[in-house]
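See below for the structure under consideration.
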Amino acid sequence: MKEKILTALTETVAELLNNPDDRIKLALTVPKDNSHGDFSTNAAMIIAKKIGKNPREAAMEIITSLNNKLDGIASCEIAGPGFINFKLSGDAGVQIFKQLFSKGKNIGFSNSGNGKKVNVEYVSANPTGPLSVGHGRNAAVGDVIASLYKAVGYDVTREYYFNDAGNQMTVLAKSVQTRYLQLFDSDVKLDENAYQGEYIIDIAQTIKDEYGDSLKETEELDVFKKYAVDAMFDMIKVSLKKMRVEHDVYFNERSLYTDGKIEETLKKIDELGLSYEKDGALWFKAEQFGAEKDRVLVKSSGEPTYRLPDFAYHINKFKRGFDLIVDIFGADHQAQYPDVIACMKAMGFDEKKIKVVIYQFVTIVENGEAVKMSTRKANYITLDELMDDVGVDATRYFFVMRRLGSHLEFDIEIARKHSLDNPVFYVQYAHARISSIFRHCAETKPDINIEDINAENVNPELLIQQEEQDLISHIAQFEDTISVAAKTCEPHRLTGYLEKIAELFHRYYNLHHVVVDDDETTKARLALVIMTQRVIKNGLEILGVTAPEKM
RNA sequence: GCGCCAGUAGCUCAGCUGGAUAGAGCAUCGGAUUUCUAAUCCGGGGGUCACAGGUUCGAGUCCUGUCUGGCGUACCA
């Protein structure tokens with residue numbers, strides 16, 4: 001319907017301008033205020049100046065020449081400064097309702113992605129400690145973005161990239177070693193830079209249980225490292241599973257070395273003339289791509305920096321044939337992507353396929369004060385603790401409900417209340433209430449079987465209440481909302497949308513009964529709430545939040 | 001210094017490609033339950049959209065400058 005109006009409008013405007021080639025960006029929107037009709041356009045205001053008339057006169061002309069082109073429109077009105085508001089005829093409304101209802105359980109899902117392959121890389125925490133609240137935002141955002149892509153028909157790969165080698169692992173192994181030695185001699189001091197979490201002591205204890213004191217004299221860190229990495233990964237995977245996050249691929253940075261990809265990448269960069277040696281290190285000519293100075297690829301010690309494997313990793317992603325590569329990371333990693341993009345472009349890959357999603361930090365507020373976070377110092381609140389406090393549903397919902405560009409303030413005190421002002425409950429409650437209506441209907445009207453209701457055997461014309469019309473017109477925007485949320489990688493659009501749907505439903509519920517004396521009206525209203533419930537359920541599913549039948 | 005992100009009600013935040021009277025929740029004040037779950041609903045009060053210019057029919061939204069905050073600017077990841 002929307003397309004039809006827009007096409008007719010575009011043609012009309014082109015005629016009036018006497019220049020079909022002059023493509024003008026017209027907006028046809030669903031007005032916030034429903035007294036402004038079902039659709040609204042700004043066309044007249046845009047062309048007014050060009051055709052030398054004031055906007056309201058222009059609107060008049062558009063309507064006149066539009067007149068015969070559209071069916072299904074009950075009226076067009078000129079309003080305000082020159083908007084043209086269209087009101088659909090009742091018949092069109094019925095068609096829309098039937099169309100929406102017949103989508104059944106798939107309402108909201110579409111196939112605009114057309115099976116294109118997208119790789120979403122998220123969490124990607126190195127195994128140096130339990131997942132923090134910061135990782136939690138990453139996990140939730142990445143997971144929901146992946147689900148959004150799936151909902152619009154992409155073939156989605158969820159990926160976790162990690163590094164279990166290098167400097168930080170050595171620090172970790174040393175920390176475990178120190179804790180191990182402390183089990184024999186409490187005078188041993190823990191290095192200031194060491195990881196200080198309790199979990200390090202647990203790992204040391206495990207090693208003591210298996211090896212006794214046989215590792216007391218060894219300089220070799222391998223055993224400590226192996227135990228530490230295994231233990232950390234177990235911990236991380238348990239947390240992610242609890243959070244309902246499951247990756248398809250765990251990609252080990254080290255495999256890029258064993259496969260010779262690092263060498264290959266280095267060679268390619270050299271061939272392109274993008275590297276040079278200086279002070280014993282190998283440098284990447286980042287300045288050439290707008291960076292303020294060049295960056296080190298290989299340290300004078302011979303060890304690569306993170307940058308080189310990052311390049312090799314992205315080449316690998318391109319070679320696996322992804323049409324879209326989505327990287328999700330926090331604001332503290334913002335510096336690393338321009339180099340990757342520049343390098344991929346230089347190597348002839350389509351760098352526009354890389355989409356970098358950067359989210360701002362999570363601030364934990366406790367007793368009105370921000371808690372400083374540091375993995376090393378271990379004075380942070382873990383993701384596990386958070387999930388235990390407020391539940392997985394609320395955790396996931398909270399992490400995605402804000403625009404990614406804004407800081408997320410997580411007030412522990414409020415979260416711990418299992419509070420009633422929690423928006424996730426508001427949405428879930430709407431879902432549960434609808435289930436409750438079904439139960440009530442089954443008891444009071446055994447003749448009506450919910451399962452039997454379909455687009456053909458209900459009469460949508462009986463849905464004449466304003467609240468019903470509001471619900472329908474918002475439901476009609478569900479698919480669009482998902483598709484925009486996916487395209488922009490902005491999950492909060494979906495939470496906002498669901499809250500609006502829940503609000504409209506709750507208002508409707510308070511004003512009107514679904515199950516009423518008249519069976520036909522009851523059936524029409526049931527169809528409406530069935531659809532509403534499907535929308536909420538599918539929306540929550542994308543968010544990874546449960547949709548309870550009872551609360 | 002330079003770069004990225006932000007500044008909207010007392011607090012936490014929405015505001016889709018510029019559109020009609022800037023919206024929610026919390027907090028506050030006042031109402032609604034013989035009826036499908038009151039985890040709900042209805043209403044009141046509360047705003048110089050950080051500041052100053054600019055672009056245009058029209059700016060919270062776009063441009064420039066200023067101020068404030070977070071992050072980055074490693075031969076750490």
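Per chain, numbering begins at 1; letters A, B, ... match sequence-line order. A quick note: this is a predicted structure, and the numbers were derived from the prediction, not measured.
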Pairing residues for A:K87 by the side chain to side chain donor-acceptor pair (under 3.5 Å) criterion, not counting sequence neighbours: none

Heavy-atom donor-acceptor pair, A:N42 side-chain to B:A20 base, under 3.5 Å: no

Face-to-face contact A:H407 to B:G70 six-ring, under 5.5 Å, under 30°: no

Nucleotide forming a Watson-Crick or wobble pair with B:U40, both distances under 3.5 Å: B:A32

A:R402 side-chain proximity, nearest of B:A20, B:A74, B:C13: B:C13

Phosphate contact (B:G23 OP1 or OP2) by A:K500 side-chain N/O below 4.0 Å: no

Any A:S406 side-chain nitrogen or oxygen under 4.0 Å from OP1 or OP2 of B:A14: yes

5' precedence on RNA chain B between A:K278 and A:A335 (nearest-nucleotide basis): A:A335

Ring-on-base stacking B:A39 with A:Y426 (under 5.5 Å, under 30°): no

Candidate nucleotides B:C57, B:G70, B:C16, ranked by approach to the side chain of A:I46 - the nearest: B:C57

Selection from B:C57, B:C71, B:C75 that lies nearest to any side-chain heavy atom of A:F361: B:C71

Closest to the A:Q334 side chain, choosing from B:A77, B:C13, B:G72: B:G72

Output field: ring centroids A:F251/A:Y313 closer than 6.0 Å: yes

Atom-to-atom span, CZ of A:F329 to P of B:C4 - whole angstrom: 16 Å

Partner residues of A:F505 under the ring pair (Phe, Tyr, Trp, His ring centres under 6.0 Å) criterion, sequence neighbours left out: A:Y509

side-chain contact (heavy atoms from CB on, under 4.5 Å) partners of A:A547, counting only residues at least two apart: A:H431, A:K537, A:L540

Below 4.0 Å: OP1/OP2 of B:A14 and any side-chain N or O of A:R403: yes

A:E409, nearest nucleotide to its side chain (from B:A20, B:U73, B:U12): B:U12

Test item: A:Q533 and A:F438 side chains (from C-beta on) under 4.5 Å apart, heavy atoms: yes

Closest listed nucleotide, where the reference is the side chain of A:E253 and the choices are B:U12, B:A77, B:A20: B:A77

Selection from B:A77, B:U73, B:C75 that lies nearest to any side-chain heavy atom of A:Y306: B:A77

Interface with RNA chain B, restricted to residues 507-521 of chain A and to heavy atoms under 4.0 Å: A:R507, A:Y509, A:N510, A:H512, A:H513, A:V514, A:V515

Nearest to side-chain heavy atoms of A:H492, which nucleotide of B:G19, B:C75, B:G15: B:G15

B:G19 versus B:G58 - spacing of their P atoms, nearest Å: 15 Å

From B:G72, B:A77, B:G15, nucleotide with atom closest to A:N126 side chain: B:A77

Phosphate-side-chain proximity, A:K293 and B:A74, N/O vs OP1/OP2 below 4.0 Å: yes

Residue pairs fulfilling side-chain hydrogen bond (donor to acceptor under 3.5 Å, both in side chains) with at least one residue in residues 286-295 of chain A, sequence neighbours excluded: A:Y276-A:D294

Watson-Crick or G-U counterpart of B:A6, or none if no pair lies under 3.5 Å: B:U68

Set of ring pair (Phe, Tyr, Trp, His ring centres under 6.0 Å) partners for A:H513, sequence neighbours left out: none

Worked check of salt bridge (charged side-chain N to carboxylate O under 4.0 Å, His left out) between A:D327 and A:K317: CA-CA 11 Å; A:D327 293 345; A:K317 286 189 191 176; 3.0 Å; yes

Closest-nucleotide ordering on RNA chain B, the 5'-leading residue of A:A331 and A:K550: A:K550

Nucleotide opposite B:G1 in a Watson-Crick or G-U pair, distances under 3.5 Å: B:U73

Interatomic distance where CG belongs to A:L131 and C1' belongs to B:A77 [whole Å]: 16 Å

